[in-house]
Amino acid sequence: MARVAVDVVIKPEILDPQGKAIQAALARSGHAGVTEVRAGKHFELDVDGAVTDEELERLAGSILANPVIETWTVTRLADGEAR
Amino acid sequence: MARVAVDVVIKPEILDPQGKAIQAALARSGHAGVTEVRAGKHFELDVDGAVTDEELERLAGSILANPVIETWTVTRLADGEAR
Amino acid sequence: MTVRIGVITFPGSLDDVDALRAAKIVGAEPVSLWHADADLHGVDAVIIPGGFSYGDYLRAGAIAAQAPVMRSVVDAARGGLPVLGICNGFQVLCEAGLLPGALVRNAGLRFRCIDQQLTVERTSSVWTSRYRSEYDDVRPILIPLKHAEGRYVATEHDLDALEAEDRVLFRYHGDNPNGSLRDIAGICSADGRIAGLMPHPEHAIDALTGPGTDGLGMFSSLMDSLVGAAS
Amino acid sequence: MTSTGMTSGGMTTTSTTGNDLTGSEIAQDTVILAAASPEKPQPYAELGLKDDEYARIRSILGRRPTEAELAMYSVMWSEHCSYKSSKVHLAYFGETTTDAMREKMLAGIGENAGVVEIGDGWAATFKIESHNHPSYVEPYQGAATGVGGIVRDILAMGARPVAVTDQLRFGPADAGDTARVLPGVVAGISGHGNALGRANIGGETHFAASYAGTPLVNAGCIGVLRASDMYTAHASGVGNKVVLYGSRTGLDGIGGASVLASATFSDAADGGARRKLPSVQVGDPFAEKVLIECTLELFAADLVAGISDLGAAGLACATSELASAGDGGMIVDLDTVPLRAEGMSAAEILTSESQERMCAIVEPAKVDAFLAVCAKWDVPAVVIGEVTDTGRLVISHRGEVVVDVPPRTVAHDGPVYRRPFHRPDSQDALQANTSANLPRPADDELGGLILRLAASENLCAKGWITDQYDRYVRGHTVLAQRSDAGMVRVDDETSLGLAMASDCNARLTALDPYRGTQLALAEAYRNVATSGATPLAVTNCLNFGSPEDPGVMWQFREAVHGLADGCAELGIPVTGGNVSFYNQTGSEAILPTPVVGVLGVIDDVARRIGPRFGQGRTSEMLFLLGETRDELDGSEWARVVHGHLGGVPPLVDLAAEQRLAGVMAQAAKAGLVTAAHDLSEGGLAQALVEMCVLSDCGAAITVPPPNPFVALFSETPARILVAVPTSRLGEFAQLCEEHSQPSSALGTVTPTRPRLEISGVADISVAEMREAWTGTLPALFG
Ligand SMILES: Nc1ncnc2c1ncn2[C@@H]1O[C@H](COP(=O)(O)OP(=O)(O)O)[C@@H](O)[C@H]1O
Ligand SMILES: [Mg+2]
């Protein structure tokens, strides 16, 4: 059993209004040092030993992310580590 | 200028309908090796040098996450690295 | 001949009954299709209705695109079966790869339910022939729209190709309600048989319950083409 | 998932081995253990029980309660579930309901929701409930689960939920916390409600300082059913199975039981962590939607003998209520309940408020079919127990009996308080401080005042909110937001329709709770009548401060009496309601807010009347039905211009309201009125602004002398502004005469001049009015 994190973010060329709104909210509440925010999704998967990196890559790119609009990274987390 | 990732997940004891639905979808499409999915949010922030870890912690806990139902982790990413 | 129009129900579908009603109003036999059943039951066209299929918990339409019934729809659509995706149905068609691009969170970030004017950009499709007028200038039609994730995006390349191939079916007229690129509200396949749009023509088929009857044209157009083809 | 091996042995035999405190397992508190350890101290006070209440439980059981029993009694005897402070007053609704009023009532107060016959074999059910505090703590989830809960309530009557409404109250619109609470609440109602496929057809949005730390989030739902198909929450038929279906049971919302866990299990491995659990529930709109469709299919296949939703107090409530309303007994095995968290105690399972669950009573022969329908919808379902005639509710956990109680004592025999009430001394001063001495505007200031009021937070357009709600889904919505009442067609095969409106002007209930509540009733009744429907039944959601404050208790009692007496006069029954106490920030109570909902019926929805004039080709004249008095105490003018609240509310004339409703129903039937809008907050001026903007059309009118300010801004009730085609003026005049309905011609609709011209007083363009009226909320909330 391993834990895997998949992070999905919208491609930089696509407008991210949610990121913009969060950046504005941060600036309003005194966190002007945050100059840009991109909002995306974070998945934590528990996978059994048989699941290969290739399978993870495939399921991330075909199901967890939509390659038309998003990019993703797959990271195997150290035992028990949660992100 | 540094890049910071903030990952927000729903507390383990609170219902995560998204994760449940995604896990079922993965199983249906042949990825039965994924036994559990937690769905959360992933933010990437560009912050200027003056922003301290304490400030990041504070803004994550007050604006990016809702501490009533969510937990979060803040990670400074290596230069240029996107997660 | 009786025309049979199938309407898919996924868990979480909302406007399936409205689509079935629209099919009935234009004289077709409405047929309910179930997400878990790959059999299309010999229907002459398929409508994928609005709603939140499987809760839209991953991305709108993403999980539904993997449903057994969709595998059959994809095959049949490639074989020429007319398919219309409305709102969530449009999202499903994009996720299933039958139409290009994707639908993302509205620029204003909120769910919007409004009556929206649209221009019909192409009247030579099986879904829009009724909007053809004697003159070339088709008047804008008024159709309800209701979604949180209806901003149409695609690469510049894809957008240019859509325009070049005359595959933009509808554009928002007046205010753009969600930030869609090039004001796109609906698109179709090159042959005009596979179509998707965010607004809800099935909510504009009766002036009593909608802003008017401008949506009826989409269903009547289909009937024209199917009945015409048979006779 | 099949019926469990519910052997009688398993249910009645108790092992004593579990009592040994050996190993890491902590023994659970069983009935046997409770009988053997009468002196064991129990944290009843922390659970909200008084000394005498705890003593009563002991005397009912003849021993100390087990932990699970204590948890059950404490949640079921709480104010929220037992109505212990309000019961004695609510009885007045029953006392004032005559047989004639009861005629169309199939279910009334005491059921999940009242049911009334509406003709053609159809019946309707409706209800409004509060979800106030959770919506303050977590606006999105609080509001979301509020909508989910009310929909399940309606479902539990055997009805198909067809429409929802939401009644909202927030602190000042520009207050910092309102920027957190309001968008979150609206997003929750939108995000959860829209996904359920039930059209949102109306509601209210008000702002006042007293709601700043205590926003009110009330949610309503209307359902329809065949009159012959009503299910009620009872478990009859010995041997029938108890089926729990829907989402798994988790640790959500077990505020009460977590006290128990911390007090007695403080050493348990996760006892400490659990104690910190928030008492918010997280909704799963998808699971809810599927649960609704699954339940409707179960009804259609006639697989349900009795049913209850799981709301507040979860299984504790459902099992005790089902059992006590049926054959009196039930056995339940908690080991069969699908759980979401490990190691949940019996008390936790029983009091969990996990959402999206229902509990059905099913004949044994139908269990397989029932489970098959659930499987089709992917809804988890298990048999958790059986109906008995023992008069006892017997619940086992981990093979031991942990609850053995007479279910009535849990569900119905809770404490009853006769709390002291008296009219606060400050009420005299409040009423003496009338608006009479406030400076009134000169005639040439009235145009500006019209725009200023239209833009004020309570009168401005609420489109920023209502445009986030799906009003179209399922194709039966005939009138929705921007109309005085929402209206839905009952189904495709009929032209029969239901209308609903809800109202409360809490400024007026503060000045005089009895009269103010009657004014709320009058307004909701009038809003329904304005749509052309005939008012039929009343529900309420009574939001008040602490019942321990005699002044608040007096407000409450006055409100109940005002509403009951008003309903008796109008001849329509109160069929149900909801009480929400303790809405206060510190010792500061909210304005008394008894929301009144009125349901109406219309034979032919095509005859409905909306607020838009100037849409056809006929020319139209505007008439004001009703008479105007100089009544500005508690008005929006007094609030916006002078920040003033004092005096006495406008006079109530329910006979006039009834006459007006009769005229409107006739006018709708005969098609004599093309548009109508009632006058309420902001008076005639506001009604004119709204009609002109909604119609995108002008009007030219003359206000009746002698005082244009009073004519425009007084808030006298029993008035409706109507547009009548000039071709029908004679018939309209005759109708008014037949009913002795006072009516005055105001002027004409001017489709070619998009301006509101008030002769000698004001001349404002529709565009200016639109900007003023619609600009406020977007400017505040983005
Ligand atoms: N929170 C809300 N949810 C749904 N509809 C609302 C809400 N607030 C206001 N509305 C709608 O906006 C319109 C105007 O509301 P209001 O001024 O309170 O009406 P009225 O004065 O006739 O009672 C009505 O159609 C009402 O149903
Ligand atoms: Mg009104």
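Keep in mind that the numbers below use all heavy atoms, side chains included, and drop hydrogens, waters and symmetry copies.
Looking at I69(A), the atoms closer than 4.5 Å to chain C (heavy atoms on both sides) all sit in the side chain, from C-beta outward. If you measure heavy-atom distances from L58(C) to chain A, the contacts under 4.5 Å come from both the backbone and the side chain.
Chosen from C94(C), A154(C), P100(C), A102(C), the residue pairing most often with chain A at heavy-atom distances under 4.5 Å is A102(C).
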Pairs of donor and acceptor atoms, chain C with chain A, under 3.5 Å:
residue : atom : partner : partner atom : Å
L58(C)  : O    : K41(A)  : NZ           : 3.1
R59(C)  : NH1  : I63(A)  : O            : 3.1
R59(C)  : NH1  : L64(A)  : O            : 3.0
R59(C)  : NH2  : I63(A)  : O            : 3.1
E95(C)  : OE2  : N66(A)  : ND2          : 3.2
R105(C) : NH1  : Q18(A)  : OE1          : 3.4
R151(C) : NH1  : L15(A)  : O            : 3.1
R151(C) : NH2  : L15(A)  : O            : 3.2

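In this structure, P17(A) and A107(C) approach most closely via the heavy-atom pair CB-O, 3.3 Å.
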